[in-house]
Structure formats: structure tokens, C-alpha cells
Amino acid sequence: MDSQNTLPVNKLLVAEDNESNFLLVMTILKRDYQIIHALDGLEAIQKYRQYSPDAILMDLKMPNMDGLEATREIRKLNTCIPIIVVSAFAFDSDKQEASAAGCTDYLTKPIDARLLKETLKKYLS
């Protein structure tokens, strides 16, 4: 945290269409990050452009545009930002597809709070 300000320094974009999943992530991370919420892939791209977050948590299955397509579009704008998939789909083929789309890492639901925090710290330190 910035000693001059009470707001966390790092901005985190959470692309998640399920309200309870978003609230869980918010509860885990709200003390350490400014959370920006997107309900689908299209909104994730728009909010990425608007807020320039430091990292993105990306669900895969969302309405309007899925997380893989949103990742591909964001990668056209920024090749370095950490994009971490948070998905219920845990097959190796899903992980390979996410990696090919440009995702940096892959976490499975249900979310492990400790692992989520450690993963973000790894990419934002």
C-alpha cells in the first residue's frame, strides 16, 4: 500500500459473470487490490482500456465474448500484463488452449485463497 493513501496500489481487473464467484474473489483480495469488475469478455476489454489494470483474473466461460477471445484481444494491446485464468475447467486441454491464447497462468475453481494471493504476488512483485 502507498503510505500516502489508503487505497491499494495495484489495480486488478476481474472478468467474472457469476456474482457469487466475483464476491468470493472480492472478499479475498479487496484489502490488497483495487478491484475492477467486468461481467463478460467485451466489458473486460473496455475496462482494460479504461483503467489500465496491473493484472487480470479471467473466467473462461462468459456471455457475449469468452475469456479466451478477450485475452487474445487484450494481448494485441499489451503483451506483458499478467492474465490469470480462474476457471472450473481443469482439463489439460483447457490449460493448453488458455496458454495458446496468451494467458499467463491458470487457477481452478473453487478458488484457493492462499494460492490466488501467492499467484498474484508472483506476477506483481
Side-chain angles (χ1 to χ4, degrees):
M1 287 214 188
D2 184 328
S3 61
Q4 304 297 317
N5 195 336
T6 57
L7 280 177
V9 175
N10 286 324
K11 289 182 281 189
L12 182 64
L13 175 58
V14 180
E16 173 62 69
D17 63 315
N18 181 293
E19 187 69 20
S20 61
N21 289 341
F22 171 73
L23 290 174
L24 176 60
V25 169
M26 180 78 172
T27 301
I28 295 167
L29 299 175
K30 67 183 174 186
R31 289 181 38 177
D32 302 314
Y33 300 92
Q34 291 180 52
I35 306 291
I36 302 152
H37 187 199
L39 291 167
D40 61 40
L42 289 173
E43 191 176 5
I45 296 165
Q46 181 257 321
K47 290 197 172 179
Y48 168 78
R49 287 183 171 131
Q50 183 178 355
Y51 294 103
S52 299
D54 299 294
I56 301 171
L57 295 181
M58 185 73 75
D59 187 19
L60 292 183
K61 306 295 186 218
M62 296 183 288
N64 301 318
M65 178 186 284
D66 70 27
L68 294 178
E69 186 60 33
T71 296
R72 289 184 198 97
E73 291 301 312
I74 290 169
R75 282 289 176 235
K76 292 176 187 175
L77 305 169
N78 183 329
T79 58
C80 299
I81 186 170
I83 301 176
I84 301 160
V85 170
V86 180
S87 178
F89 298 91
F91 294 110
D92 283 340
S93 60
D94 296 312
K95 294 176 184 178
Q96 290 166 353
E97 197 175 357
S99 180
C103 294
T104 312
D105 211 328
Y106 200 103
L107 301 175
T108 54
K109 295 174 186 172
I111 289 293
D112 176 320
R114 182 189 52 76
L115 183 59
L116 177 59
K117 287 180 176 185
E118 286 174 3
T119 302
L120 284 167
K121 187 180 279 189
K122 176 171 74 172
Y123 293 110
L124 294 173
S125 295

Student: Taking ring pair (Phe, Tyr, Trp, His ring centres under 6.0 Å) as the cut-off, I'd like each qualifying pair that reaches into residues 81-111, sequence neighbours left out, listed once.
Tutor: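 Of all non-adjacent pairs touching residues 81-111, none passes ring pair (Phe, Tyr, Trp, His ring centres under 6.0 Å).
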Student: Listing request: all salt bridge (charged side-chain N to carboxylate O under 4.0 Å, His left out) pairs with a residue in residues 38-51, at least two apart in sequence or in separate chains.
Tutor: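 Applying salt bridge (charged side-chain N to carboxylate O under 4.0 Å, His left out) to every pair that reaches into residues 38-51, excluding sequence neighbours, yields Glu43-Lys47.
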Student: Using side chain to side chain donor-acceptor pair (under 3.5 Å) as the criterion, list what pairs up with Gln34, not counting sequence neighbours.
Tutor: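 Expected list: none.
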Student: Tracing side-chain links under 4.5 Å among I, L, V, M, F, W and Y, which residues wind up in one group with Val86?
Tutor: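 So far as hydrophobic clustering goes, Val86 is joined with Leu12, Val14, Phe22, Leu23, Leu24, Val25, Met26, Ile28, Leu29, Tyr33, Ile35, Leu57, Ile84, Leu107, Ile111, Leu115, Leu116, Leu120, Tyr123, Leu124.
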Student: At their closest point, which heavy atom of Ala44 faces which heavy atom of Ala15, and how far apart are they?
Tutor: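 Heavy atoms only, the tightest pair is CB-CB, 3.9 Å.
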Student: Please list all pairs meeting salt bridge (charged side-chain N to carboxylate O under 4.0 Å, His left out) that have one or both residues in residues 13-23, counting only residues at least two apart or in different chains.
Tutor: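 Non-adjacent pairs meeting salt bridge (charged side-chain N to carboxylate O under 4.0 Å, His left out): Glu16-Lys109.
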Student: Please identify each residue that fulfils side-chain contact (heavy atoms from CB on, under 4.5 Å) with Arg72, with sequence neighbours left out.
Tutor: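 Result, side-chain contact (heavy atoms from CB on, under 4.5 Å) vs Arg72: Leu68, Glu69, Ala101.
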Student: Who are the side chain to side chain donor-acceptor pair (under 3.5 Å) partners of Glu97, not counting sequence neighbours?
Tutor: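 Here no residue qualifies.
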Student: List for me each residue that meets salt bridge (Lys or Arg N to Asp or Glu O under 4.0 Å) alongside Asp105, sequence neighbours excluded, and say none if there are none.
Tutor: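 Here the qualifying residues are Lys122.
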Student: Applying side chain to side chain contact (heavy atoms under 4.5 Å, CB included) to Lys76 and Ile74, what does each step give before you reach the verdict?
Tutor: CA-CA 5 Å; Lys76 292 176 187 175; Ile74 290 169; over 6 Å; no
Student: Considering residues at least two apart in sequence or located in another chain, which fulfil the side chain to side chain donor-acceptor pair (under 3.5 Å) criterion with Thr104?
Tutor: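 Testing Thr104 for side chain to side chain donor-acceptor pair (under 3.5 Å), a comparison that skips the adjacent residues, returns Arg75.
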Student: Once side chain to side chain donor-acceptor pair (under 3.5 Å) is applied, do any residues pair with Lys95, and if so which ones, sequence neighbours excluded?
Tutor: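 Residues passing side chain to side chain donor-acceptor pair (under 3.5 Å) with Lys95: none at all.
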